[in-house]
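Structure, as C-alpha coordinates:
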Amino acid sequence: MRKKIVAGNWKMNTLPAEGIKLAKEVISKSGKVPGEVELIIIPPFTHLTEIAKLTSGTRVGVGTQNCAQWKSGAYTGEVSAAMIQALGAGYVIIGHSERREYFGETSTQLLEKIRIALEHQLTPIYCCGEKLIEREAGNHFAVVKQQIEESLFPLEANEMASVVIAYEPVWAIGTGKTATSDQAQEMHQHIRQLLIQRYGAELANEISILYGGSCKPSNAAEIFSKPDVDGGLIGGASLVADDFIAIAKSF
Ligand code: PGA
(Lines give C-alpha, C1' and ligand atoms only; values in the text may rest on other atoms or scores of the structure.)
Protein backbone atom coordinates (compact mmCIF):
# COMPACT_ATOMS: atom_id res chain seq x y z
CA MET A 1 0.00 0.00 0.00
CA ARG A 2 1.37 3.39 -0.92
CA LYS A 3 1.73 6.05 1.73
CA LYS A 4 -0.86 8.72 2.39
CA ILE A 5 0.91 12.03 2.90
CA VAL A 6 -0.19 15.51 3.83
CA ALA A 7 2.63 18.06 3.63
CA GLY A 8 2.46 21.75 4.49
CA ASN A 9 4.55 24.09 2.35
CA TRP A 10 4.85 27.27 4.40
CA LYS A 11 6.66 29.10 1.57
CA MET A 12 8.26 32.41 2.67
CA ASN A 13 5.89 32.90 5.58
CA THR A 14 6.24 33.16 9.38
CA LEU A 15 9.06 34.64 11.43
CA PRO A 16 10.98 32.01 13.42
CA ALA A 17 8.95 32.49 16.62
CA GLU A 18 5.68 32.22 14.68
CA GLY A 19 6.91 29.13 12.86
CA ILE A 20 7.90 27.46 16.10
CA LYS A 21 4.49 28.21 17.55
CA LEU A 22 2.79 26.78 14.45
CA ALA A 23 4.97 23.65 14.51
CA LYS A 24 4.17 23.07 18.19
CA GLU A 25 0.48 23.40 17.46
CA VAL A 26 0.63 20.93 14.57
CA ILE A 27 2.59 18.44 16.69
CA SER A 28 0.18 18.76 19.61
CA LYS A 29 -2.87 18.22 17.38
CA SER A 30 -1.32 15.50 15.22
CA GLY A 31 -2.91 12.76 17.34
CA LYS A 32 -6.28 13.62 15.75
CA VAL A 33 -5.03 12.40 12.37
CA PRO A 34 -5.30 8.68 11.51
CA GLY A 35 -1.97 6.98 12.17
CA GLU A 36 -1.42 5.86 8.58
CA VAL A 37 -1.30 9.45 7.30
CA GLU A 38 2.21 10.86 7.15
CA LEU A 39 2.32 14.49 8.28
CA ILE A 40 5.12 16.75 7.09
CA ILE A 41 5.76 20.43 7.74
CA ILE A 42 8.02 22.40 5.43
CA PRO A 43 9.12 25.68 6.99
CA PRO A 44 11.64 28.23 5.68
CA PHE A 45 15.33 27.21 6.07
CA THR A 46 15.83 29.70 8.88
CA HIS A 47 13.47 27.74 11.16
CA LEU A 48 14.79 24.30 10.42
CA THR A 49 17.22 23.85 13.32
CA GLU A 50 14.57 24.59 15.93
CA ILE A 51 11.68 22.87 14.20
CA ALA A 52 13.65 19.70 13.51
CA LYS A 53 14.34 19.47 17.26
CA LEU A 54 10.63 19.87 17.98
CA THR A 55 9.51 17.25 15.47
CA SER A 56 12.21 14.74 16.41
CA GLY A 57 10.59 11.70 18.01
CA THR A 58 7.08 12.81 16.98
CA ARG A 59 4.97 11.58 14.08
CA VAL A 60 5.45 14.87 12.25
CA GLY A 61 8.22 14.95 9.64
CA VAL A 62 10.07 18.04 8.50
CA GLY A 63 11.43 19.12 5.15
CA THR A 64 12.73 22.10 3.20
CA GLN A 65 11.39 23.93 0.17
CA ASN A 66 14.50 23.62 -1.98
CA CYS A 67 18.11 22.47 -1.99
CA ALA A 68 21.16 23.24 -4.11
CA GLN A 69 22.07 20.98 -7.00
CA TRP A 70 25.72 21.05 -5.91
CA LYS A 71 27.40 19.25 -3.00
CA SER A 72 29.25 22.24 -1.51
CA GLY A 73 31.46 25.12 -2.50
CA ALA A 74 31.31 28.67 -3.83
CA TYR A 75 27.56 29.00 -4.37
CA THR A 76 26.63 32.12 -2.44
CA GLY A 77 23.19 31.95 -0.90
CA GLU A 78 22.60 28.25 -1.49
CA VAL A 79 21.79 25.50 1.03
CA SER A 80 23.07 21.97 0.43
CA ALA A 81 21.33 18.64 0.84
CA ALA A 82 24.06 17.64 3.32
CA MET A 83 23.25 20.66 5.50
CA ILE A 84 19.55 19.83 5.41
CA GLN A 85 20.21 16.20 6.27
CA ALA A 86 22.54 17.19 9.11
CA LEU A 87 19.75 19.19 10.74
CA GLY A 88 17.44 16.18 10.71
CA ALA A 89 15.07 16.94 7.83
CA GLY A 90 13.71 14.03 5.83
CA TYR A 91 12.13 15.71 2.80
CA VAL A 92 12.81 18.37 0.23
CA ILE A 93 10.44 19.96 -2.28
CA ILE A 94 12.02 20.01 -5.73
CA GLY A 95 10.73 21.96 -8.70
CA HIS A 96 7.86 23.87 -7.15
CA SER A 97 6.29 26.02 -9.88
CA GLU A 98 7.32 29.17 -8.01
CA ARG A 99 10.97 28.06 -8.27
CA ARG A 100 10.55 27.27 -11.94
CA GLU A 101 8.84 30.60 -12.57
CA TYR A 102 10.83 33.06 -10.41
CA PHE A 103 14.21 31.36 -10.28
CA GLY A 104 14.26 29.82 -13.74
CA GLU A 105 14.83 26.28 -12.52
CA THR A 106 15.12 23.87 -15.43
CA SER A 107 14.36 20.17 -15.79
CA THR A 108 18.05 19.27 -15.89
CA GLN A 109 18.74 21.24 -12.73
CA LEU A 110 15.78 19.57 -11.03
CA LEU A 111 17.08 16.14 -11.92
CA GLU A 112 20.42 17.05 -10.33
CA LYS A 113 18.63 18.29 -7.22
CA ILE A 114 16.63 15.07 -6.96
CA ARG A 115 19.80 12.99 -7.26
CA ILE A 116 21.67 14.93 -4.62
CA ALA A 117 18.67 14.82 -2.28
CA LEU A 118 18.49 11.04 -2.68
CA GLU A 119 22.23 10.71 -2.01
CA HIS A 120 21.55 12.40 1.33
CA GLN A 121 18.58 10.21 2.25
CA LEU A 122 16.13 13.04 1.71
CA THR A 123 12.80 12.17 0.09
CA PRO A 124 12.27 14.51 -2.85
CA ILE A 125 8.73 15.83 -3.27
CA TYR A 126 8.89 16.54 -7.00
CA CYS A 127 6.34 19.07 -8.23
CA CYS A 128 4.87 19.14 -11.71
CA GLY A 129 1.86 20.83 -13.26
CA GLU A 130 0.66 22.94 -16.15
CA LYS A 131 -0.04 26.64 -16.43
CA LEU A 132 -3.52 27.97 -17.22
CA ILE A 133 -2.64 28.78 -20.83
CA GLU A 134 -1.39 25.22 -21.31
CA ARG A 135 -4.59 23.74 -19.90
CA GLU A 136 -6.75 26.03 -22.00
CA ALA A 137 -4.84 24.91 -25.08
CA GLY A 138 -5.49 21.28 -24.12
CA ASN A 139 -1.77 20.63 -23.60
CA HIS A 140 -1.85 19.79 -19.90
CA PHE A 141 -1.21 16.05 -20.27
CA ALA A 142 1.70 16.65 -22.66
CA VAL A 143 3.25 19.32 -20.43
CA VAL A 144 3.20 17.11 -17.35
CA LYS A 145 4.49 14.15 -19.37
CA GLN A 146 7.47 16.19 -20.51
CA GLN A 147 8.22 17.39 -16.97
CA ILE A 148 8.13 13.81 -15.66
CA GLU A 149 10.18 12.44 -18.55
CA GLU A 150 12.89 15.06 -18.21
CA SER A 151 13.32 15.18 -14.44
CA LEU A 152 12.27 11.72 -13.25
CA PHE A 153 12.73 9.15 -16.00
CA PRO A 154 16.53 9.30 -16.00
CA LEU A 155 16.32 7.88 -12.44
CA GLU A 156 16.88 4.19 -11.85
CA ALA A 157 13.97 2.24 -10.37
CA ASN A 158 15.62 2.04 -6.95
CA GLU A 159 15.97 5.84 -6.93
CA MET A 160 12.44 6.43 -8.19
CA ALA A 161 11.10 4.25 -5.39
CA SER A 162 12.05 7.01 -2.92
CA VAL A 163 10.42 9.91 -4.79
CA VAL A 164 7.06 11.47 -3.96
CA ILE A 165 5.29 13.36 -6.76
CA ALA A 166 3.04 16.38 -6.30
CA TYR A 167 0.73 17.40 -9.13
CA GLU A 168 0.12 21.11 -8.75
CA PRO A 169 -1.73 22.85 -11.57
CA VAL A 170 -0.19 26.33 -11.55
CA TRP A 171 -3.58 27.98 -12.07
CA ALA A 172 -4.81 26.46 -8.80
CA ILE A 173 -1.89 27.52 -6.59
CA GLY A 174 -2.82 30.29 -4.19
CA THR A 175 -5.76 31.30 -6.37
CA GLY A 176 -8.58 29.72 -4.42
CA LYS A 177 -9.46 27.88 -7.61
CA THR A 178 -9.01 24.14 -7.05
CA ALA A 179 -8.93 21.50 -9.71
CA THR A 180 -12.08 19.42 -9.50
CA SER A 181 -11.57 15.98 -8.02
CA ASP A 182 -12.09 14.53 -11.52
CA GLN A 183 -9.44 16.81 -13.03
CA ALA A 184 -7.04 15.77 -10.26
CA GLN A 185 -7.83 12.08 -10.70
CA GLU A 186 -7.38 12.08 -14.48
CA MET A 187 -3.98 13.77 -14.21
CA HIS A 188 -2.85 11.51 -11.35
CA GLN A 189 -3.93 8.50 -13.38
CA HIS A 190 -2.02 9.87 -16.38
CA ILE A 191 1.11 10.26 -14.22
CA ARG A 192 0.72 6.75 -12.81
CA GLN A 193 0.30 5.36 -16.31
CA LEU A 194 3.56 7.03 -17.35
CA LEU A 195 5.26 5.52 -14.31
CA ILE A 196 3.87 2.08 -15.18
CA GLN A 197 5.30 2.33 -18.70
CA ARG A 198 8.73 3.38 -17.45
CA TYR A 199 9.09 1.39 -14.21
CA GLY A 200 6.39 -1.29 -14.25
CA ALA A 201 3.14 -1.54 -12.33
CA GLU A 202 4.58 -2.82 -9.08
CA LEU A 203 6.78 0.21 -8.49
CA ALA A 204 4.32 2.70 -10.02
CA ASN A 205 1.62 1.58 -7.61
CA GLU A 206 3.90 2.26 -4.64
CA ILE A 207 4.60 5.89 -5.54
CA SER A 208 2.55 8.50 -3.70
CA ILE A 209 1.11 11.24 -5.90
CA LEU A 210 -0.10 14.28 -3.97
CA TYR A 211 -2.42 17.00 -5.19
CA GLY A 212 -1.59 20.66 -4.53
CA GLY A 213 -3.42 23.87 -5.32
CA SER A 214 -5.93 25.64 -3.04
CA CYS A 215 -6.58 22.50 -1.04
CA LYS A 216 -8.57 23.32 2.09
CA PRO A 217 -10.67 21.58 4.74
CA SER A 218 -13.82 22.08 2.64
CA ASN A 219 -12.53 20.32 -0.50
CA ALA A 220 -9.85 17.90 0.73
CA ALA A 221 -12.16 14.95 1.43
CA GLU A 222 -13.57 15.00 -2.10
CA ILE A 223 -10.12 15.26 -3.73
CA PHE A 224 -8.53 12.64 -1.45
CA SER A 225 -11.37 10.21 -2.16
CA LYS A 226 -10.03 9.63 -5.69
CA PRO A 227 -8.10 6.39 -6.18
CA ASP A 228 -4.87 7.93 -7.52
CA VAL A 229 -4.75 10.87 -5.12
CA ASP A 230 -2.53 9.88 -2.20
CA GLY A 231 -2.59 13.13 -0.26
CA GLY A 232 -1.87 16.81 -0.58
CA LEU A 233 0.80 19.45 -0.71
CA ILE A 234 -0.82 22.33 1.12
CA GLY A 235 0.27 25.96 0.87
CA GLY A 236 -1.94 28.67 2.39
CA ALA A 237 -4.06 26.36 4.53
CA SER A 238 -0.95 24.85 6.17
CA LEU A 239 -0.30 28.15 7.95
CA VAL A 240 -3.30 27.52 10.22
CA ALA A 241 -2.73 24.42 12.35
CA ASP A 242 -6.43 23.59 12.66
CA ASP A 243 -6.94 23.78 8.88
CA PHE A 244 -3.86 21.69 8.17
CA ILE A 245 -4.99 19.05 10.66
CA ALA A 246 -8.55 19.13 9.32
CA ILE A 247 -7.20 18.49 5.80
CA ALA A 248 -5.10 15.58 7.03
CA LYS A 249 -8.16 14.13 8.77
CA SER A 250 -10.07 14.18 5.47
CA PHE A 251 -8.90 10.74 4.34
P1 PGA B 1 -1.83 26.65 -2.08
O2 PGA B 1 -0.32 26.24 -2.49
O3 PGA B 1 -2.36 25.52 -1.24
O4 PGA B 1 -1.69 27.93 -1.30
O5 PGA B 1 -2.59 26.82 -3.33
C6 PGA B 1 0.02 24.94 -2.80
C7 PGA B 1 1.48 24.85 -3.13
O8 PGA B 1 2.01 25.78 -3.75
O9 PGA B 1 2.15 23.88 -2.76
Side-chain angles (χ1 to χ4, degrees), residues 2-12 16 19 23 26-27 38-100 103-128 147-166 168 195 198-199 203 206-210 212 230-231 233 238:
R2 51 183 177 257
K3 283 183 196 159
K4 294 179 172 144
I5 300 171
V6 176
N9 172 13
W10 296 1
K11 308 193 181 183
M12 197 174 70
V26 170
I27 294 164
E38 219 169 289
L39 285 171
I40 305 166
I41 52 178
I42 310 183
F45 284 129
T46 44
H47 312 9
L48 183 59
T49 305
E50 287 306 316
I51 292 184
K53 280 185 211 154
L54 292 173
T55 55
S56 168
T58 75
R59 62 170 290 183
V60 179
V62 66
T64 63
Q65 301 167 19
N66 182 29
C67 74
Q69 76 255 41
W70 306 283
K71 269 207 163 77
S72 64
Y75 300 104
T76 302
E78 289 292 287
V79 176
S80 73
M83 295 168 187
I84 295 166
Q85 179 191 33
L87 292 181
Y91 306 84
V92 54
I93 297 177
I94 306 276
H96 190 282
S97 62
E98 288 151 16
R99 304 250 10 128
R100 296 178 193 254
F103 304 94
E105 294 193 355
T106 64
S107 296
T108 324
Q109 205 177 347
L110 300 180
L111 172 62
E112 287 167 6
K113 289 185 181 210
I114 291 169
R115 286 203 160 119
I116 206 150
L118 289 170
E119 278 171 36
H120 292 88
Q121 285 75 51
L122 298 171
T123 298
I125 303 175
Y126 171 75
C127 301
C128 57
Q147 291 171 338
I148 301 256
E149 281 176 350
E150 290 179 351
S151 298
L152 296 182
F153 281 8
L155 299 174
E156 299 299 332
N158 67 321
E159 296 174 308
M160 190 60 213
S162 304
V163 175
V164 169
I165 297 175
E168 301 205 304
L195 295 172
R198 167 67 180 88
Y199 296 103
L203 177 55
E206 287 299 313
I207 294 175
S208 300
I209 308 177
L210 317 183
D230 306 309
L233 181 55
S238 72

Are any non-hydrogen side-chain atoms of Leu155 and Tyr126 less than 4.5 angstrom apart? no
Does the plane of the ring in Phe153 sit parallel, tilted or perpendicular to the ring in Tyr199? Use 30° and 60° as the thresholds. perpendicular
Write down the atom of Thr55, the atom of Thr58, and the distance for their closest heavy-atom approach. O-OG1, 2.7 Å
Taken in chain and number order and not counting sequence neighbours, the residues that satisfy ring-ring contact (aromatic ring centres under 6.0 Å, His included) with Phe45 are none
Spatial distance of atom CD1 (Ile93) from atom NZ (Lys11) [nearest 0.5 Å]: 8.5 Å
What's the shortest heavy-atom distance between Pro124 and Ile114, and which atoms? CG-CG2, 3.9 Å
Applying salt bridge (charged side-chain N to carboxylate O under 4.0 Å, His left out) to Glu105 and not counting sequence neighbours gives Arg99, Lys113
Kindly compute the distance separating OG1 (Thr49) from CE (Met83), expressed to the nearest 0.5 Å. 11.5 Å
Looking at Ser80 and Ser72, would you say the former's side chain and the latter's main chain have a donor-acceptor pair under 3.5 Å? no
Interatomic spacing from CD1 in Ile165 to SG in Cys128 - rounded to 0.5 Å: 6.5 Å
Per side-chain contact (heavy atoms from CB on, under 4.5 Å), Ile5 is matched among Ile40, Asp230, Leu233 by Ile40
For Arg100, which residues count as a salt bridge (charged side-chain N to carboxylate O under 4.0 Å, His left out) partner, sequence neighbours excluded? none
Gap separating the CG atom of Leu48 from the CD1 atom of Ile41, nearest 0.5 angstrom: 10.0 Å
Residue pair His96 / Glu168, side-chain heavy-atom distance below 4.5 Å: yes
What pair of heavy atoms forms the shortest contact from Trp10 to Gly19, and how long is it? CH2-O, 3.3 Å
Side-chain touch Gln85/Gln121, heavy atoms, less than 4.5 angstrom: yes
side-chain contact (heavy atoms from CB on, under 4.5 Å) between Ile94 and Cys67, intermediate numbers included: CA-CA 8 Å; Ile94 306 276; Cys67 74; 4.0 Å; yes
Minimum heavy-atom distance Leu110-Ser151, with the two atoms named: CB-OG, 3.8 Å
Measure the spacing between OG1 of Thr64 and NE2 of His47 and express it to the nearest 0.5 Å. 13.0 Å
Do Tyr91 and Glu38 come close enough that some side-chain heavy atom pair is under 4.5 Å? yes
Side-chain heavy-atom pair Leu152, Val163 within 4.5 angstrom cut-off: yes
Looking at His120 and Leu122, would you say the former's side chain and the latter's main chain have a donor-acceptor pair under 3.5 Å? no
How would you list all residue pairs meeting salt bridge (charged side-chain N to carboxylate O under 4.0 Å, His left out) that involve residues 57-82, not counting sequence neighbours? Lys71-Glu119
side-chain hydrogen bond (donor to acceptor under 3.5 Å, both in side chains) filter on Ser107, not counting sequence neighbours, yields Glu150
Smallest separation among heavy atoms of Thr123 and Ser162, with atom names: CG2-O, 3.3 Å
One should read off an interatomic distance between Ile42 CD1 and Asn9 CG, to the nearest 0.5 angstrom, of 6.0 Å
Smallest separation among heavy atoms of Ala68 and Ile116, with atom names: O-CG2, 3.4 Å
Residue pairs fulfilling salt bridge (charged side-chain N to carboxylate O under 4.0 Å, His left out) with at least one residue in residues 39-56, sequence neighbours excluded: Glu50-Lys53
